[in-house]
Amino acid sequence: MTVDQIRSKLQELKDDQRAQGLRRFFKTGPGEYGEGDVFLGIRVPDLRSLAREHRAARLSEIRQLLKSRFHEERVLALMMLVHAYSKGDEDAKKRIYDLYLKSTDYINNWDLVDLSAHHIVGQHLSDRSREPLYRLAKSESLWERRIAIIATAYFIKRGEFKETLKISKLLLSDKEDLIHKAVGWMLREVGKRDLATEERFLIAHYKRMPRTMLRYAIERFPEPRRQMYLKGII
């Protein structure tokens with residue numbers, strides 16, 4: 001199926017009423033983080049089904065979808081890229097990783113980052129230099145900074161916490177709420193596997209952490225312990 005045929009299928013699945021709700025949910029108004037994003041109103045399960053149907057799509061076709069103005073086309077492209085990366089040889093993986101990092105202008109909402117960064121960037125760097133993550137973490141782009149921290153989810157699952165903690169420290173003073181949430185989330189994931197490691201980081205830094213970041217990080221703590229962090233009496 002060609003890109004035009006895929007787009008035709010997406011048009012058949014669109015739902016204008018649902019699209020209105022998605023525009024509000026993903027903050028597409030003036031000055032909001034998703035300003036100007038355009039939605040078709042397609043359900044995620046339908047996009048996953050379509051991605052499975054087109055697992056054999058060429059990288060050139062996926063690239064076209066990734067550069068679309070429609071949010072769901074970009075979601076579909078990233079689902080296809082994640083699958084292609086998981087099945088590709090080393091050359092294919094490198095081309096997908098390079099395409100991903102060259103396309104961050106289009107990976108421009110939290111759901112797009114969260115469904116793909118650890119599967120592609122994290123996995124690709126798992127046995128390589130992690131330096132690209134630090135460049136992303138220092139980027140002026142909100143989405144590149146989110147890619148940096150979410151990519152470390154791949155390492156966390158392998159019991160590796162160093163990059164998560166170092167990048168979290170770099171992002172402690174970030175001004176964006178979406179970064180606060182992402183860092184807190186990744187710290188919570190560290191704590192699920194090694195609570196002592198998370199707490200060492202928190203004790204050293206929690207008084208500097210934005211409130212949202214802290215709340216996400218301690219969400220699963222026993223209530224008395226959680227309150228101690230919130231009241232600053234650790």
Side-chain angles (χ1 to χ4, degrees), residues 1-16 18-20 22-23 25-88 91-125 132-133 135-136 139-151 176 178 182:
M1 187 176 283
T2 67
V3 170
D4 287 342
Q5 288 171 319
I6 293 173
R7 285 175 166 158
S8 178
K9 179 64 174 177
L10 289 169
Q11 288 295 319
E12 292 174 11
L13 293 169
K14 73 177 183 178
D15 181 327
D16 291 340
R18 181 176 174 79
Q20 290 181 13
L22 290 171
R23 286 195 294 272
F25 182 72
F26 285 103
K27 308 295 184 185
T28 64
E32 295 182 308
Y33 63 74
E35 181 176 356
D37 207 351
V38 181
F39 285 81
L40 296 169
I42 302 172
R43 297 169 62 249
V44 170
D46 291 331
L47 292 170
R48 292 196 183 281
S49 178
L50 197 56
R52 286 193 295 270
E53 289 179 33
H54 302 292
R55 287 177 171 176
R58 295 188 298 270
L59 199 57
S60 60
E61 295 170 328
I62 298 175
R63 183 185 292 110
Q64 291 181 59
L65 292 171
L66 186 56
K67 294 184 176 182
S68 172
R69 71 188 184 98
F70 293 115
H71 188 95
E72 288 88 346
E73 290 191 10
R74 302 197 303 280
V75 171
L76 178 61
L78 289 165
M79 289 176 175
M80 295 162 77
L81 277 181
V82 166
H83 175 77
Y85 187 93
S86 72
K87 300 299 182 182
D91 181 63
K93 289 177 188 291
K94 178 64 163 58
R95 287 187 286 115
I96 291 167
Y97 169 79
D98 288 344
L99 171 62
Y100 190 95
L101 290 189
K102 289 176 182 176
S103 304
T104 55
D105 285 348
Y106 304 98
I107 307 170
N108 58 352
N109 217 311
W110 59 264
D111 63 320
L112 302 174
V113 173
D114 295 359
L115 75 86
S116 60
H118 55 305
H119 290 299
I120 297 176
V121 179
Q123 187 170 350
H124 196 75
L125 298 179
L133 294 180
R135 292 197 294 270
L136 291 168
S139 170
E140 293 184 2
S141 164
L142 159 63
W143 307 117
E144 290 190 349
R145 299 197 305 278
R146 188 164 175 117
I147 287 169
I149 187 63
I150 297 298
E176 296 289 347
L178 285 173

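Predicted model, so just to flag it, every value in this text is computed and none were measured.
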### Query
Do Leu66 and Tyr100 pass the side chain to side chain contact (heavy atoms under 4.5 Å, CB included) test, and can you show the C-alpha distance, the side-chain angles, and the key distance before you say yes or no?
CA-CA 9 Å; Leu66 186 56; Tyr100 190 95; over 6 Å; no

Mind checking the [atom1]-[atom2] spacing from [X] to [Y]? Nearest 0.5 Å is all I need.
X: Leu40; Y: Arg18; atom1: CG; atom2: CZ; answer: 11.5 Å
X: Leu136; Y: Leu125; atom1: CG; atom2: CG; answer: 8.5 Å
X: Arg23; Y: Glu32; atom1: CZ; atom2: CD; answer: 12.5 Å
X: Leu99; Y: Thr104; atom1: CG; atom2: OG1; answer: 10.5 Å
X: Asp105; Y: Lys67; atom1: CG; atom2: NZ; answer: 10.0 Å
X: Leu47; Y: Met80; atom1: CG; atom2: CE; answer: 11.0 Å

Close side-chain approach of [X] and [Y], heavy atoms under 4.5 Å:
X: Leu50; Y: Ile6; result: yes
X: Leu81; Y: Ser116; result: no
X: Arg74; Y: Asn108; result: yes
X: Val44; Y: Val75; result: no
X: Phe70; Y: Leu10; result: no
X: Trp143; Y: Val113; result: yes
X: Leu112; Y: Tyr106; result: no
X: His71; Y: Thr28; result: no

### Query
Within a reach of under 6.0 Å around NZ of Lys93, are more than 12 heavy atoms found that belong to other residues, nucleotides or ligands?
yes

### Task
Look at atom CZ of Arg48 and say whether more than 12 heavy atoms of other residues, nucleotides or ligands are closer to it than 6.0 Å.
no

### Query
When the ring planes of Tyr97 and His124 are compared, do they come out parallel, tilted or perpendicular, using 30° and 60° as the limits?
parallel

Ignoring hydrogens and geometry, is there a side-chain-to-backbone donor-acceptor pair from [X] to [Y] under 3.5 Å?
X: Glu72; Y: Phe39; value: no
X: Arg69; Y: Asp37; value: no
X: Gln5; Y: Thr2; value: yes

### Task
Go through the steps for Arg145 and Glu176 under the test side chain to side chain contact (heavy atoms under 4.5 Å, CB included), then give the verdict.
CA-CA 10 Å; Arg145 299 197 305 278; Glu176 296 289 347; 3.4 Å; yes

### Query
Is it true that Arg146 and Asp114 make a salt bridge, defined as a side-chain N closer than 4.0 Å to a carboxylate O?
yes

### Where Ile150 and Ala182 come nearest, the two heavy atoms and their spacing
CD1-CB, 3.9 Å

## Note on the structure
Heavy-atom closest pair (Gly34 atom, Asn109 atom, distance to 0.1 Å) is CA-ND2, 4.1 Å

### Task
Kindly indicate, with the supporting measurements, whether the criterion side chain to side chain contact (heavy atoms under 4.5 Å, CB included) is fulfilled by Glu12 and Ser8.
CA-CA 6 Å; Glu12 292 174 11; Ser8 178; 4.2 Å; yes

